[in-house]
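The figures that follow rest on heavy atoms only: side chains count, while hydrogens, waters and symmetry mates do not. No experiment lies behind these values; they were computed from the predicted model shown.
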Amino acid sequence: MGKQVSLIFVFLMFLGCTSRREQYKDVAIFRYNEPNGITSLDPAFTRNLENISAVNQLFNGLVQMDENLNVVPCIAKSWEVLDSGKLYRFVLRNDVLFHESDLFENELSRKVTARDFEYSFNRLVDQGLASPGSWVFNFVQKDSVDNYAFRAISDSVLEIELKTAFPPFLGILTMQYCSVVPEEVVTHYGEDFRQHPIGTGPFKFKFWSESNKLVFVKNEEYFELDEDGNRLPYIDAVNVTFNKDEEVAFLKFLKGDLDYISGLNGSYKDEILNSDGGLKVKYSDRVKMITVPYLNTEYLGFNLQAKEIVDGSSPLKYLQVRQAINYGFNRKKMLLYLRKGIGTPANNGFIPKGLPGFTSEFEGYDYNPKKAKALLREVGFDKQNKVPKITLNTTAQYLDLCEYIQHELKDIGISLEIEVNPSGTHNEMVAQGNMTFFRKSWVADYPDAENYLALFYGKNLAPDGPNYTRYSSSEYDRLYWSGLSEPNDSARIALYEEMDKMIIKDAAIVPLFYDQVVRFVPKSLEGLGVNPMNLLSLKKVKM
């Protein structure tokens with residue numbers, strides 16, 4: 001085994017110079033590019049999709065999601081939900097090993113126990129770590145000195161006690177934040193655990209040059225088997241590069257030097273897709289396009305407590321103006337022109353397509369310029385008394401969408417001024433409430449509509465929470481709280497739908513579109529799959 005791993009590593013070190021697959025016929029290496037880079041391989045810092053995708057290859061949690069967003073066993077082989085939904089009891093497998101490390105006391109590896117999860121979860125909520133994922137355990141019970149109710153009852157039994165019933169909790173536990181880590185290794189490396197990860201996943205860490213290359217190799221002792229009893233994963237290694245030029249990465253993909261391209265980048269979407277969003281014929285013999293609904297809603301938000309609105313100096317103080325903006329542009333045409341029709345026009349609510357709580361029967365805002373003009377007249381705006389100019393803040397990545405909306409709204413008498421900000425600045429200003437009208441998106445943290453509806457709960461006001469619109473409604477808050485503890489799925493979804501309708505009726509946002517996962521892989525590659533969370537899973541890939 002040691003010789004095989006070393007051989008793979010030697011091949012990978014030369015991969016940057018000569019990466020033709022035919023030169024490595026005996027070694028199956030999955031190669032992809034991450035243009036935004038990876039900042040940490042520590043599960044406690046999996047805030048963005050780039051880190052999540054890498055960490056998912058190295059670590060496991062109690063439970064995981066299948067491709068249909070069902071919560072299924074992982075290190076926990078079974079569980080019970082007791083005490084009216086407030087107590088979760090997990091029974092762990094006894095065959096899960098951490099990756100090899102010289103830091104284990106008596107041998108190169110050891111079994112995972114419930115005590116490891118107790119440590120990992122307490123580490124995540126430790127204020128000294130400052131993990132962006134500490135919020136995932138906000139519903140866990142604490143004692144008088146703020147100790148969380150994570151309890152290792154034995155080596156194989158873990159209990160988690162909640163303050164109140166919270167049906168989405170199992171979904172939260174599928175997040176990479178909730179992965180198990182070994183205390184002795186984390187203690188040794190401290191902050192440098194981000195560069196020396198030891199997990200339980202299908203692949204093991206081998207090499208990382210942060211601006212150049214990341215290498216994982218197959219975990220020969222991985223515990224999961226396929227349907228035929230074969231041990232996963234199938235491939236020998238994973239090679240990640242960090243080329244910021246996505247056009248160059250696309251050319252490498254066409255050349256056969258990369259095995260995976262994700263998303264629709266402006267530099268190559270016109271080359272590979274035809275006008276209706278399908279794969280061009282000239283690529284159909286060697287490329288597969290895989291798509292599913294993506295749990296991501298793109299939207300424009302109004303800061304409903306902005307000083308300009310509160311003191312009456314902004315036209316956005318009027319519900320009718322916000323509704324007119326929603327009616328004033330054609331979402332379907334926007335997607336066709338700017339995204340080759342990829343995605344679904346957000347003519348319904350905030351909850352995206354593909355998630356329980358979304359319903360196509362709920363009619364939100366469709367393109368209706370006559371109605372938009374009528375709404376503006378209701379509050380005294382017409383050709384003689386024009387709507388004062390409104391500033392829309394965005395980032396460069398979404399400038400084309402905002403310019404499209406700007407052009408469309410001119411026809412109903414609304415003039416937008418677009419301000420483009422660096423991404424970090426934009427996000428900070430939105431959180432601090434320094435923008436009245438802004439572009440934003442929300443990608444699901446876990447597969448439950450509550451994760452979307454939390455953006456409008458009164459106690460989640462930004463910057464401490466995700467309520468960037470500063471939406472406030474006592475009736476909404478009552479429904480939201482009722483939904484948190486409703487054990488019946490159908491009844492909870494009915495509450496979700498009612499809340500979604502309130503957000504749209506009050507025009508707290510302008511939903512733009514529900515996104516779509518788009519992946520391109522070689523025709524010969526099998527088993528990559530796709531899921532609405534856009535989670536990259538390589539354990540079943542065959543090459």
Side-chain angles (χ1 to χ4, degrees), residues 30-66 74-76 96-101 112 116-117 119-121 123-126 129-137 171-183 185-186 189-210 213-219 222-224 232-233 235 237-242 260 262 443-447 528-529 531 533-541:
F30 183 91
R31 302 156 302 169
Y32 76 96
N33 185 63
E34 196 58 83
N36 296 317
I38 291 170
T39 59
S40 177
L41 295 174
D42 184 340
F45 295 92
T46 49
R47 187 171 191 170
N48 56 51
L49 190 60
E50 297 80 25
N51 289 11
I52 290 170
S53 293
V55 164
N56 190 51
Q57 316 313 320
L58 301 174
F59 293 89
N60 298 100
L62 290 167
V63 290
Q64 60 189 328
M65 280 186 307
D66 66 14
C74 192
I75 294 179
V96 180
L97 299 175
F98 283 114
H99 301 155
E100 295 92 341
S101 172
V112 174
D116 292 308
F117 276 101
Y119 166 76
S120 300
F121 293 169
R123 174 181 182 255
L124 188 69
V125 297
D126 185 342
L129 183 66
S131 165
S134 60
W135 63 269
V136 304
F137 291 130
I172 284 179
L173 290 176
T174 67
M175 297 175 66
Q176 278 60 45
Y177 285 131
C178 303
S179 301
V180 67
V181 297
E183 181 176 5
V185 178
V186 173
Y189 285 113
E191 292 183 0
D192 287 339
F193 183 67
R194 63 178 287 279
Q195 296 174 304
H196 300 87
I198 294 293
T200 59
F203 297 93
K204 302 183 292 186
F205 172 78
K206 189 65 181 180
F207 170 80
W208 187 16
S209 172
E210 295 196 29
K213 185 185 299 181
L214 174 64
V215 176
F216 303 149
V217 294
K218 180 178 183 175
N219 176 11
Y222 188 57
F223 61 93
E224 285 194 284
L232 300 174
I235 59 174
V238 179
N239 184 76
V240 189
T241 53
F242 304 107
Y260 167 73
S262 178
V443 180
D445 294 306
Y446 47 91
L528 178 62
N531 58 80
M533 297 288 290
N534 203 15
L535 181 64
L536 182 63
S537 177
L538 301 178
K539 62 189 176 185
K540 293 186 177 181
V541 165

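- Here the closest heavy-atom approach between residue A44 and residue S131 is recorded as O-OG, 2.5 Å.
- Side chain of N56 to backbone of Q176: no donor-acceptor contact under 3.5 angstrom is found.
- F223 CZ to T200 OG1: the interatomic distance, rounded to the nearest 0.5 Å, is 5.5 Å.
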Worked check of side chain to side chain contact (heavy atoms under 4.5 Å, CB included) between L536 and L528: CA-CA 8 Å; L536 182 63; L528 178 62; 3.8 Å; yes
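- Annotation: R47, atom CZ; neighbour count of heavy atoms from other residues, nucleotides and ligands within 6.0 Å does not exceed 12.
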Starting from the C-alpha separation in whole Å, work towards a yes-or-no answer on side chain to side chain contact (heavy atoms under 4.5 Å, CB included) for F242 and I38. CA-CA 8 Å; F242 304 107; I38 291 170; 3.8 Å; yes
Hey, mind stepping through L62 and F121 against side chain to side chain contact (heavy atoms under 4.5 Å, CB included) and telling me if it holds? CA-CA 11 Å; L62 290 167; F121 293 169; 4.0 Å; yes
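- Ring geometry for Y260 versus Y32: interplanar angle over 60°, hence perpendicular rather than tilted (30 to 60°).
- Taking CG from D116 and OG from S179, the interatomic distance works out to 13.0 Å, rounded to the nearest 0.5 Å.
- Scanning both residues, H99 and F203, for their nearest heavy atoms gives CE1-O, 3.0 Å.
- Using a 4.5 Å heavy-atom threshold, the side chains of C178 and F137 count as touching.
- Partners of S101 by side chain to side chain contact (heavy atoms under 4.5 Å, CB included), not counting sequence neighbours, listed by chain and number: L103, F104, V185, I198.
- Counting heavy atoms from C-beta on, the side chains of L214 and L41 come closer than 4.5 Å.
- Looking at S40, its side chain never comes within 3.5 Å of a backbone N or O of R194 through a donor-acceptor pair.
- Taking both residues in full, the closest heavy atoms of F193 and P43 are given as CE2-CD, 4.2 Å, listed atom of the first, atom of the second, then distance.
- Using a 4.0 Å cut-off between charged side-chain N and carboxylate O, K204 and E100 make a salt bridge.
- Under the 4.5 Å side-chain criterion, counting only non-hydrogen atoms from C-beta, Q195 is in contact with E210.
- No side-chain heavy atom of P233 sits less than 4.5 Å from a side-chain heavy atom of L538.
- Among all heavy-atom pairs drawn from G61 and C74, the shortest one is O-CB, 3.4 Å.
- A distance of 7.0 Å separates OG of S262 from CG of L49, quoted to the nearest 0.5 Å.
- Inspection of the N33 and T241 side chains reveals an N or O donor paired with an N or O acceptor under 3.5 Å.
- One distance of note links CE of M65 with CE of M175; it measures 9.5 Å at 0.5 Å rounding.
- In this structure, L173 and Y446 have side chains that are not in contact, with every pair of non-hydrogen atoms separated by 4.5 Å or more.
- Remark: F59 CZ to I52 CD1 distance equals 13.5 Å, nearest 0.5 Å.
- For the atom pair OG1 (T39) and CD (E50), the distance works out to 8.0 Å, reported to the nearest 0.5 Å.
- Side chain of E34 to main chain of N51: no donor-acceptor pair is present (N/O by atom type, distance under 3.5 Å, no hydrogens or angles).
- Put simply, the side chain of T174 gets close to the backbone of G171: a donor and an acceptor are under 3.5 Å apart.
- In this structure the side chain of D445 never reaches within 4.5 angstrom of the side chain of Y177, judged on heavy atoms.
- A 4.5 Å side-chain heavy-atom check between L129 and F45 finds at least one atom pair inside the cut-off.
- One finds no salt bridge joining K540 and E224 here, because no Lys/Arg side-chain nitrogen approaches an Asp/Glu carboxylate oxygen to under 4.0 Å.
- I235 places none of its side-chain heavy atoms less than 4.5 Å from the side chain of F216.
- The aromatic rings of Y189 and H196 lie parallel to each other, with less than 30° between the two planes, well short of the 60° mark.
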